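Contents: one structure, followed by commentary.
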Amino acid sequence: MNINKVADNIYFVGVNDRVTTRFEGLWSLPYGVSLNSYLIRGEKVALIDTVSVGDSNNLIANLNLVSSKIDYLIVNHMEPDHSGAIPEIIAHNPGIKVVTNKIAIGMIKGFYHIDDDSVFMEVKDGDTLDLGNGQTLRFYMTPMVHWPETMMTYLESSKMLFSGDAFGTFGALSGEILDSAYLFEDFENEMRRYYTAIVAKYSVHVQKALKKLAGVELEYICPTHGPVWHDYINEVVDAYNNMSLQEPEDGVVIVYGTMYGNTAAMAEQVATSLRAEGVKTVKIYDAGATEMSFILRDIWRYKGLIVASPTYSMDLFPPIEALLTALRIREIKNRVTAALGSFAWAPSIAAKKIEQRLTEMGLTVADTFSVKLALNEASLQSLRELSHKFVELLNTPN
Ligand code: FEO
């Protein structure tokens, strides 16, 4: 049981998942994740989003503590981490209306074989639903944040936005849903990691949604993952704006793949040179050792990116190849980059391939450099020169 009051007559009835190890089967969850479902009591009772199918029983148990029946199920988002319990909720609440948009209705029918049209109440952008007792919901269509059916629901009386995945975070809650019980730093990294892994691909649509909601007064943002934002609304909206506009902060991420440590040594040397050039934020990742979402998170945050790979089977080292693909898919832009390669007996192709991939993404490549076998005095000096050139470009205003 996991009930938290958000405000008068509004409850968090979702669950903390500390068992699933990979979100979407991909992204690691060292701190778990919360699946947020909210209940609003007016004269009528509305539930906003559900949880995954495996957590249906926990949701039903939570609901039993606050309401004997639900009149409306509002479906903001159909990804199964939020829609999995829809069949259970319908089964437990005869006469319930599922309130959502046309695309979501099609998805509910397809995912869960619920074909009785009388269950559904279709809404469009700007429609309202009066729950009584002064509780009126307004619906905003926000497609592609994160799926095409995505919408948000605004409770006018409390100035509360149920935002779906937008403003969500990885990391399970620890005893409280409201952000005022936490430091912003407790969730910032996991919010950024969630954004980069799940939402970044749709940054253009995030901007459209932010513009659409610009005139909406916000006292609370209730996402489908992580805390309800109240004290830190400005911080989280600013972060979302920066992340979706791709306006990175000062700092450099160095990411490398390495088999026997020679490419790692290049990365370490470049980090030392960057520090000597005055760069205060330098993050280094071994792409073979760190799950990709942590690396993507910091690449999305900082302006500088240096990628290093050995030649491997006449191509890039596989984790670097995968990382570059993930960056291309997310349409990264506005970064200063450099490409480093190493090789032993095979041709020196890694740096060229990295440079080609970065250039194809439209990114500025400050320099490239390759080392045969191991570093020596000449290559150390070349890396110092590359770092100097890189920092000069990094410090050049756009
Ligand atoms: Fe948390 Fe797009 O689902």
Side-chain angles (χ1 to χ4, degrees), residues 2 12-38 47-56 58-59 73-87 89 98 100-101 103-108 110-112 139-153 161-173 177 187 190-210 221-229 236 239-240 243-244 293 296-297 300 326 329-330:
N2 185 29
F12 166 79
V13 289
V15 299
N16 283 308
D17 180 350
R18 302 181 202 277
V19 176
T20 303
T21 56
R22 295 271 172 176
F23 192 82
E24 294 185 340
L26 279 173
W27 316 110
S28 69
L29 293 171
Y31 318 110
V33 66
S34 71
L35 305 176
N36 298 357
S37 176
Y38 302 93
L47 180 68
I48 300 191
D49 289 316
T50 72
V51 297
S52 62
V53 63
D55 282 305
S56 296
N58 291 327
L59 174 64
L73 169 59
I74 316 297
V75 177
N76 280 338
H77 183 25
M78 273 303 296
E79 197 166 5
D81 49 336
H82 310 296
S83 68
I86 287 176
I89 294 296
V98 177
T100 191
N101 59 71
I103 302 173
I105 290 170
M107 288 182 175
I108 293 170
F111 268 130
Y112 303 115
F139 305 103
Y140 292 97
M141 301 302 131
T142 52
M144 301 315 301
V145 187
H146 147 229
W147 278 15
E149 87 298 354
T150 311
M151 66 182 205
M152 298 187 191
T153 299
L161 181 70
F162 298 89
S163 62
D165 284 346
F167 310 109
T169 80
F170 288 135
L173 303 162
I177 181 76
F187 280 99
E190 286 294 86
M191 181 264 289
R192 290 179 179 278
R193 188 166 73 91
Y194 181 85
Y195 182 87
T196 315
I198 309 299
V199 185
K201 162 75 179 162
Y202 309 105
S203 288
V204 169
H205 302 280
V206 171
Q207 272 298 307
K208 284 183 187 165
L210 289 174
I221 297 176
C222 305
T224 46
H225 304 285
V228 165
W229 301 109
V236 77
Y240 250 70
M243 290 189 293
S244 55
S293 62
L296 290 172
R297 175 196 66 197
W300 213 259
I329 287 169
R330 285 163 179 73

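None of these values were measured; they are calculated from a predicted model. Both backbone and side-chain heavy atoms feed into the values below; hydrogens, waters and symmetry mates do not. Ligands are counted one by one from 1 in listed order, and the atoms in each one are counted from 1 as well.
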Indicate if the distance from atom 1 (Fe) of ligand 1 to the nearest N, O or S atom of [X] falls below 2.8 Å.
| X | answer |
| --- | --- |
| E79 | no |
| H77 | no |
| H146 | no |

Between S244 and Q207, a side-chain donor and acceptor under 3.5 Å |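 Judged by distance alone, the side chains do pair up.
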Ignoring hydrogens and angles, state whether a donor on the side chain of T224 or D165 is under 3.5 Å from an acceptor on the partner side chain.
-> yes
Check the pair N76, I48 against side chain to side chain contact (heavy atoms under 4.5 Å, CB included), reporting the backbone distance first and the verdict last.
-> CA-CA 7 Å; N76 280 338; I48 300 191; 3.6 Å; yes
With atom 1 (Fe) of ligand 1 as the point of reference, which N/O/S atom of D165 is the closest?
-> OD1
How long is the span from the CG atom in L59 to the CG atom in D55, to the nearest 0.5 Å?
-> 8.5 Å
Contact check: D81 to atom 2 (Fe) of ligand 1, N/O/S below 2.8 Å |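 So D81 does not count as coordinating atom 2 (Fe) of ligand 1.
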Check whether any side-chain N or O of Y194 sits under 3.5 Å from a backbone N or O of F167 as a donor-acceptor pair, and report yes or no.
->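 Such a contact is absent between Y194 side chain and F167 backbone.
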